Novice: 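Sending over a structure as structure tokens; questions will come in a sec.
Just so it is clear: chains get the letters A, B, ... in the order the sequence lines come, proteins before strands, and each one is counted from 1. Note that the structure is predicted; figures quoted are calculated from it, not measured.
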Protein chains: 2
Amino acid sequence: MKLSQGVEWGLHCTSLLAQAPADRPIRRDVLAGHYGLPDAYLAKHLQALTRAGVLHALPGPRGGYRLARSPERITVLDVVEAIEGSTSAFVCQEIRQRGTGAVSPDQCSNPCAIRSVMDQADAAWRDSLRGVTVADLVDRLPPGVRERNADLLAAAGG
Amino acid sequence: MKLSQGVEWGLHCTSLLAQAPADRPIRRDVLAGHYGLPDAYLAKHLQALTRAGVLHALPGPRGGYRLARSPERITVLDVVEAIEGSTSAFVCQEIRQRGTGAVSPDQCSNPCAIRSVMDQADAAWRDSLRGVTVADLVDRLPPGVRERNADLLAAAGG
DNA sequence: CGTATCCCGGATATCTATTATCCGCGATGT
DNA sequence: ACATCGCGGATAATAGATATCCGGGATACG
């Protein structure tokens, strides 16, 4: 079980966009260069974030990406689900209904206890991620980093 | 992000072993047949559970598997970590230290906020799984299933 | 003591998902 | 009109999960 690295990329990029002036979109290659990421592949994840309504993409010259809403209203879960999907990591294959010990379908109207437990843990995981916003992530940056990022983004935009 | 199906297999098998008489081990092919699983591949997961100290394997004729301790003392997390490992699903690649926006290593003595949030969510997931035992899973079986499993296991053992 | 049974560990093959890149298309601002 | 930039599809390469097989060692039974 491993999370896509796109989750890390997406969280860093949305955090960085939260530090940019709202009126000026950031180009994709600037985002990629800022973190040393492959530009073409990062595009896939940014597109996913755009489709999910987390980012807003502006085509054309002086185009780029900006947040679709304020950082206080974007949760970490929003970013994670945009990239990883919202389906539970545990996929129940109903093996209780297979083999010599197969339980009759009548007794399977309720999900089995194993599935319930795994789904409940998945919900706890998502609840935890829903409790943190992108604004919180920016607040927890080491001192000086925000200012430096603002300068770098301004230089790239000019 | 997907959990190995071995987790489902392991949880069902440990639950089934909890329903067997403690003095008689259950052969691997009986476990596989009970749920319609490939015997050879199930062996890999049962070996992992044995190495983790969840199951106890007895070689030789009349050998097989039994629980290494009482079902009340085996948590769902024990089984999950035996098969999936105990490392967090999120692997931080420290991209904050790469690219044009690289943060100096001096400022990276603390883990970044993104990693902290993901690790905290992972802890919440594990805490949830730690709160349920194999005995709880058996208690939540539909009425009649326990008795039928006991009969099947007795027939297979005789 | 010999033999049959059963688990262990390594080697191997297949399949799927992730990672990564490229190119044509459409949209936008100058 | 033209250059810039994001969108989406097609395509490889790589890693991990899935599945199988076989030799070796341990144990029970005759």
Novice: If you measure only the distance, is there a donor-acceptor pair under 3.5 Å linking the side chains of A:Q97 and A:E94?
Specialist: yes
Novice: Would you say C:dT19 has OP1 or OP2 under 4.0 Å from some side-chain N or O of A:Y41?
Specialist: yes
Novice: Need one value for B:L46: base, sugar-phosphate or nothing, where a base atom within 4.0 Å counts as base even if backbone is also close, heavy atoms only.
Specialist: nothing
Novice: Using modelled atom types only, decide if a donor and an acceptor are shared between the side chain of A:R69 and the backbone of A:G53 within a distance under 3.5 Å.
Specialist: yes
Novice: Taking NE2 from B:H56 and C1' from C:dC7, how many angstroms apart are they, rounded to a whole number?
Specialist: 12 Å
Novice: For DNA chain C, whose closest nucleotide is more 5', that of A:L42 or that of B:I26?
Specialist: B:I26
Novice: Name the nucleic acid region contacted by B:G64, choosing base, sugar-phosphate or nothing; use a 4.0 angstrom heavy-atom cut-off, strictly under.
Specialist: sugar-phosphate
Novice: Please check if the side chain of B:R66 supplies one atom and the backbone of B:H56 the other of a donor-acceptor pair under 3.5 Å.
Specialist: no
Novice: Tell me the interatomic distance from B:R24, atom CZ, to D:dT27, atom P, rounded to whole angstroms.
Specialist: 21 Å
Novice: Hey, does the side chain of A:T50 come within less than 4.0 Å of D:dG6's phosphate (OP1/OP2), counting only N and O?
Specialist: no
Novice: Please report the distance, rounded to the nearest Å, between CG in B:D29 and C1' in D:dC21.
Specialist: 17 Å
Novice: With a 4.0 Å limit, can you tell me whether A:R51 has a side-chain N or O closer than that to the phosphate oxygens OP1/OP2 of D:dG8?
Specialist: yes
Novice: Take atom CE of B:M1 and atom P of D:dA15, then tell me their distance rounded to the nearest Å.
Specialist: 22 Å
Novice: Of the options D:dG6, D:dA19, C:dA20, whose atoms approach the side-chain atoms of A:R28 most closely?
Specialist: D:dG6
Novice: On a plain distance test, is the side chain of B:K2 in donor-acceptor contact with the base of D:dG16 below 3.5 Å?
Specialist: no
Novice: For the pair made of CG in B:L49 and C1' in C:dG9, what is the distance, rounded to whole Å?
Specialist: 16 Å
Novice: Distance check: side-chain N/O of B:S4 vs OP1/OP2 of D:dT18, anything under 4.0 Å?
Specialist: yes
Novice: Could you give the CD-to-C1' distance, from A:Q47 to D:dG9, as a whole number of Å?
Specialist: 10 Å
Novice: By nearest atom, which of the nucleotides D:dG6, C:dT30, D:dA28 is closest to the B:R62 side chain?
Specialist: D:dA28
Novice: Let me know, please, whether B:P61 or B:A57 comes out on the 5' side of the other along DNA chain C by nearest nucleotide.
Specialist: B:P61
Novice: Is A:K44 side chain donor-acceptor paired with the D:dG9 base, going by distance under 3.5 Å alone?
Specialist: yes
Novice: D:dT4 C1' sits how many Å from A:Y65 OH, rounded?
Specialist: 14 Å
Novice: I'd like to know if the side chain of B:E84 and the backbone of B:S4 have a donor-acceptor N/O pair within less than 3.5 Å.
Specialist: yes
Novice: Checking contacts here: which listed nucleotide (D:dG6, C:dC22, D:dA19) is nearest the side-chain heavy atoms of A:A40?
Specialist: C:dC22
Novice: Answer yes or no: is there a side-chain heavy-atom contact under 4.5 Å between A:V80 and A:W125?
Specialist: yes
Novice: Look up atom CG in B:L16 and atom CD in B:Q19, then write down how far apart they are to the nearest 0.5 Å.
Specialist: 5.5 Å
Novice: Nearest whole Å is fine: how far is C:dC7 C1' from B:D39 CG?
Specialist: 11 Å
